Protein chains: 2
Amino acid sequence: MIFCYNQLEVCLKVIGGKWKGLILYHLHFGPKRTSELQKLVINITQKMLIQSLRELENDGIVKRTTYNQVPPKVEYSLTELGFSLHPILVTLAEWGGMYSDQLINNEEESQNV
Amino acid sequence: MIFCYNQLEVCLKVIGGKWKGLILYHLHFGPKRTSELQKLVINITQKMLIQSLRELENDGIVKRTTYNQVPPKVEYSLTELGFSLHPILVTLAEWGGMYSDQLINNEEESQNV
DNA sequence: CCGTATCCTAGCGGATACTG
DNA sequence: CAGTATCCGCTAGGATACGG
């Protein structure tokens, strides 16, 4: 059953961290090259981008495809497992949005009082 | 709009970390005293328990009730916002379980090949 | 029983410079 | 263009001891 040991932790390990969610979000719309991702994921450094992608690759969430050509070209895409993560990410983001809204409302209330 | 800026990060900030999910899980079944929680959440240190509870309290997820008596008694319970988190945690844990199963199957496959 | 303070460590996340 | 190496600060998480 659910919550035996710590499946929650397993999931958080995979999608946790500062950038992975964002990367997965962008990959959901199709394969992306490294440089494309770096433009899409605002403010990410190359190190964190590559590092995150490596971890996601090892976890079986993204797939890395190399084209042997000059200049080099590499594309990242979601695996089936990666796509299965999308609804979860959306749910999390929705809650985050709802939560942020609530904070704002509460502030307004306390100002009115 | 979903995924504007980083609502995902907001959510992960609240439920992320090693213990918060577990704590919230146990609180879902009703208010708990500090010492009860420490027994339920296996291996958590007192520091991390209190620290996690404080953060959840500041985020409006749990409510802390003190009873003025000797010996002191404190109870923690979920707020409405806290309860709204439960389906999300379940989804995350389900995915974690599915993911773990998949890992096992893949290992078996690669052994058969 | 409940909570705080202190000290310590590993790793995340980041800036920068460098290879092929 | 893609990726690696190095150096560094910060903080999450943990062990332990103490106070009300």
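Numbered from 1 within each chain, the chains take letters A, B, ... in sequence-line order. Since the structure is predicted, the reported quantities are computational estimates derived from the model, not experimental observations.
- Under a 3.5 Å cut-off, the side chain of B/Lys73 and the backbone N or O of B/Pro71 do not form any donor-acceptor pair.
- For B/Val10 against A/Gly96, the heavy-atom pair with the smallest separation is CG1-O, 4.1 Å.
- Atom CD of A/Glu75 is separated from atom P of D/dC1 by 15 Å (rounded to the nearest Å).
- We find that CG of B/Leu12 is positioned 15 Å from P of C/dC12, with the value rounded to whole Å.
- Although no hydrogens or angles enter the test, the distance criterion places a donor-acceptor pair under 3.5 Å between the side chain of B/Thr79 and the main chain of B/Ile61.
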At a cut-off of 3.5 Å, list every protein nitrogen or oxygen paired with a nitrogen or oxygen from nucleotides 8-11 of chain C, distance to 0.1 Å.
none

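- For B/Pro72 and B/Lys18, each mapped to the nucleotide of DNA chain D holding its nearest heavy atom, the one lying further toward the 5' end belongs to B/Lys18.
- In this structure the side chain of A/Val74 never reaches within 4.5 angstrom of the side chain of A/Thr65, judged on heavy atoms.
- The nearest whole Å value for the distance from the CG atom in B/Asn68 to the P atom in C/dC1 is 18 Å.
- Put simply, CG on A/Leu49 is 14 Å from P on C/dA15, counting in whole angstrom units.
- Closest approach of B/Met98 and A/Ser84 over heavy atoms only: CE-OG, 3.9 Å.
- Of the candidate nucleotides C/dG14, D/dG3, C/dC1, D/dG3 has the atom nearest to the side chain of A/Ile50.
- One interatomic measurement links the two molecules: NZ of B/Lys13 to P of D/dT11, which rounds to 11 Å at whole-angstrom precision.
- Expressed to the nearest 0.5 Å, how far CG of A/Leu24 lies from CD1 of A/Ile15 amounts to 8.0 Å.
- The stretch residues 28-43 of chain A has no heavy atom under 4.0 Å from DNA chain C, so no residue of it qualifies as close.
- Distances shown here put a side-chain N or O of B/Trp19 below 4.0 Å from the OP1 or OP2 atom of D/dG14.
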For a quick test of your reading: what N or O donor-acceptor pairs under 3.5 Å do the side chains of residues 33-47 of chain A make, sequence neighbours left out?
from    : atom 1 : to      : atom 2 : distance (Å)
A/Arg33 : NH2    : A/Pro72 : O      : 3.4
A/Glu36 : OE1    : A/Arg33 : N      : 2.7
A/Thr45 : OG1    : A/Met48 : N      : 3.3

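- Distances shorter than 4.0 Å separate none of the side-chain N or O atoms of B/Tyr76 from OP1 or OP2 on C/dC2.
- At a non-hydrogen distance threshold of 4.0 Å, B/Arg54 from residues 51-63 of chain B come into contact with DNA chain C.
- Axis angle, first five pairs versus last five pairs of the helix from C/dC1-D/dG20 to C/dG20-D/dC1: 30°, rounded to 10°.
- B/Ile50 and B/Leu22 are not part of a single hydrophobic cluster, where members link through side-chain heavy atoms under 4.5 Å apart.
- One can place CE of A/Met48 at 16 Å from P of D/dA5, the figure rounded to the nearest angstrom.
- Within the 3.5 Å criterion, the main-chain N or O of B/Val14 finds no donor-acceptor partner in the side chain of A/Tyr99.
- Residue pairs meeting the ring pair (Phe, Tyr, Trp, His ring centres under 6.0 Å) criterion with at least one partner in residues 31-78 of chain B, sequence neighbours excluded, do not occur; the list is empty.
- Between A/Glu55 and A/Lys20, at least one side-chain N (NZ, or NE/NH1/NH2) sits under 4.0 Å from a carboxylate O, which counts as a salt bridge.
- In terms of position on DNA chain C, the residue among B/Val74 and A/Thr45 whose nearest nucleotide sits closer to the 5' end is B/Val74.
- Note that the CH2 atom of A/Trp19 and the OG atom of A/Ser52 stand 8.5 Å from one another [nearest 0.5 Å].
- A/Leu8 and B/Gly21 make their closest contact through CD1-CA, 3.7 Å (heavy atoms, listed as atom of the first residue, atom of the second, distance).
- Atom OG1 of A/Thr91 and atom NE2 of A/His86 lie 10.0 Å apart (nearest 0.5 Å).
- We find that CD1 of A/Ile44 is positioned 13 Å from C1' of C/dC12, with the value rounded to whole Å.
- Comparing atom distances between the B/Gln46 side chain and each of C/dG13, C/dG3, D/dG3 picks out C/dG3 as nearest.
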